[in-house]
Amino acid sequence: MTLFPVTIHHYLILSALLFCLGFIGIIIRRNLLIILMCLEVMLNAVNLTFVALARYYLQEDGHIITLFVMAIAAVEAAIGLGIVLTLFRNKESVRTDRFTAMKG
Amino acid sequence: MADYLFYIFSFITVLTVLLMIFQKNPLASALLLILGFFSLAALYILLHAPFIAALQILVYAGAIMVLFVFVIMLLNLKKTVSPPDTGWIKKTLIFLVGSVLFLFFVFAFFCIPETLFPAVSEGFGSPEKIGELLFSKYIIAFELIDILLLAGIVGAVLLGKKET
């Protein structure tokens, strides 16, 4: 496969694909837990972009930003799951089509 | 040799994410996503980022996804509570919007002139280099992340308390 060596574009297209797949997953699925997992996929796609560009420009600043994004994703996952638990305690469901109290 | 590995691991990542989106059982989705995070960590190693790869396995696959699995098993969703599928109109519409977004990204990426990766120095991506940057240039952001984690802990404990 040395005819087509892996360039920066390969990594960027892969991260764009992961981002768009996570985005489609958030809109399509109605289970709150799956939505949160697709959100994590989107954050990981952004991480991959940062690390690939850090390798391309030979600066470790991309790694540090990735570190911060991971910390923020951890906090956000914890709080998001706390919200899911509270919702489940009140409504006995994790389906987004059941939460219509603020509708209309 | 690294080219083969890139194609293998990127294929595994995209396949697991695709499968994860369309699973009925959320526990199967969580396990598939753990596999996807492991192959993403392999991609980080290919990009000469061993510290980030180790952190990916520790934080994402080892903490966040374990938290997800805990919550999924705690909620103990029965089979009957699977929501009705979104209609086919909405699915094709969002697929079109997703592909337009993807093409937009691809078009924007080709602003970078087509060159290969430059040769990497010896200690690139090692914890020493990252520590040097983190505690000199990004020290303020580091301390702010600390406060954010504290806020997250307090919030998570508050949300998890049973109302008595």
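By convention in this document, chain letters (A, B, ...) are assigned in the order of the sequence lines, proteins followed by strands, and residues within each chain are numbered from 1.
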Going by the rule side chain to side chain contact (heavy atoms under 4.5 Å, CB included), which residues pair with F117(B) if we only count those two or more places apart in sequence or in a different chain? I8(A), Y11(A), R55(A), Y56(A), L47(B)

Which atoms of L48(A) approach chain B - backbone, side chain, both or neither, heavy atom under 4.5 Å: both

Side chain, backbone, both or neither of L12(A) within contact of chain B (heavy atoms, under 4.5 Å): both

Donor-acceptor pair between Q56(B) and N44(A) side chains, under 3.5 angstrom: yes

Which bit of I83(A) comes within less than 4.5 Å of chain B, counting heavy atoms only: side chain, backbone, both or neither? both

Taking every non-hydrogen pair under 4.5 Å, which of G22(A), A52(A), A77(A) racks up the most with chain B? A52(A)

Would you mind reporting whether I26(A) and M42(A) have side-chain heavy atoms less than 4.5 Å apart? yes

Measure distances from A63(B) to the heavy atoms of chain A and classify the residue's part below 4.5 Å as side chain, backbone, both or neither. neither

Sort I130(B) into side chain, backbone, both or neither according to what part of it lies under 4.5 angstrom from a heavy atom of chain A. both

Side chain, backbone, both or neither of Y60(B) within contact of chain A (heavy atoms, under 4.5 Å): side chain

Taking the side chain as C-beta and beyond, is there a heavy-atom pair between I140(B) and L144(B) under 4.5 Å? yes

Side chain, backbone, both or neither: which part of F37(B) has an atom under 4.5 Å from a heavy atom of chain A? side chain

Is it true that H63(A) and T66(A) share a donor-acceptor pair across their side chains at a distance under 3.5 Å? no

Heavy-atom proximity to chain B below 4.5 Å, by part of I13(A): both

Parallel, tilted or perpendicular, judged at 30° and 60°: which one describes the rings of F142(B) and F135(B)? perpendicular

Answer whether the closest heavy-atom distance between the side chains of K137(B) and D61(A) falls below 4.5 Å. yes

Side chain, backbone, both or neither: which part of L53(A) has a heavy atom under 4.5 Å from chain B? side chain

Tell me, for Q59(A) versus chain B, whether the close heavy atoms (under 4.5 Å) come from the side chain, the backbone, both or neither. backbone

Any side-chain heavy-atom pair from F105(B) and C20(A) closer than 4.5 angstrom? yes

Tell me, side chain or backbone of V120(B) under 4.5 Å from chain A's heavy atoms, or both, or neither? both

Turns out that what part of L40(B) lies under 4.5 Å from chain A's heavy atoms comes down to side chain

Mind checking what makes side chain to side chain contact (heavy atoms under 4.5 Å, CB included) contact with V84(A), not counting sequence neighbours? L32(A), L33(A), L36(A), V94(A), L75(B)

Which residue out of T86(A), L85(A), N47(A) racks up the most heavy-atom pairs below 4.5 Å with chain B? N47(A)

Indicate yes or no: at least one non-hydrogen side-chain atom of R98(A) is less than 4.5 angstrom from one of K91(A). no

For F23(A), is it the side chain, the backbone, both, or neither that has a heavy atom closer than 4.5 Å to a heavy atom of chain B? side chain

Quick one: pull up CG in L46(B) and OG in S10(B) and give me the separation to the nearest 0.5 Å. 9.5 Å

Interface residue of largest heavy-atom contact number with chain B, from L81(A), I27(A), I24(A), L14(A), under 4.5 Å: L81(A)

With a 4.5 angstrom heavy-atom cut-off, which part of L33(B) approaches chain A: side chain, backbone, both or neither? side chain

Region of V6(A) that comes under 4.5 Å of a non-hydrogen atom in chain B: both

Proximity breakdown for A119(B) and chain A, heavy-atom pairs closer than 4.5 Å: backbone

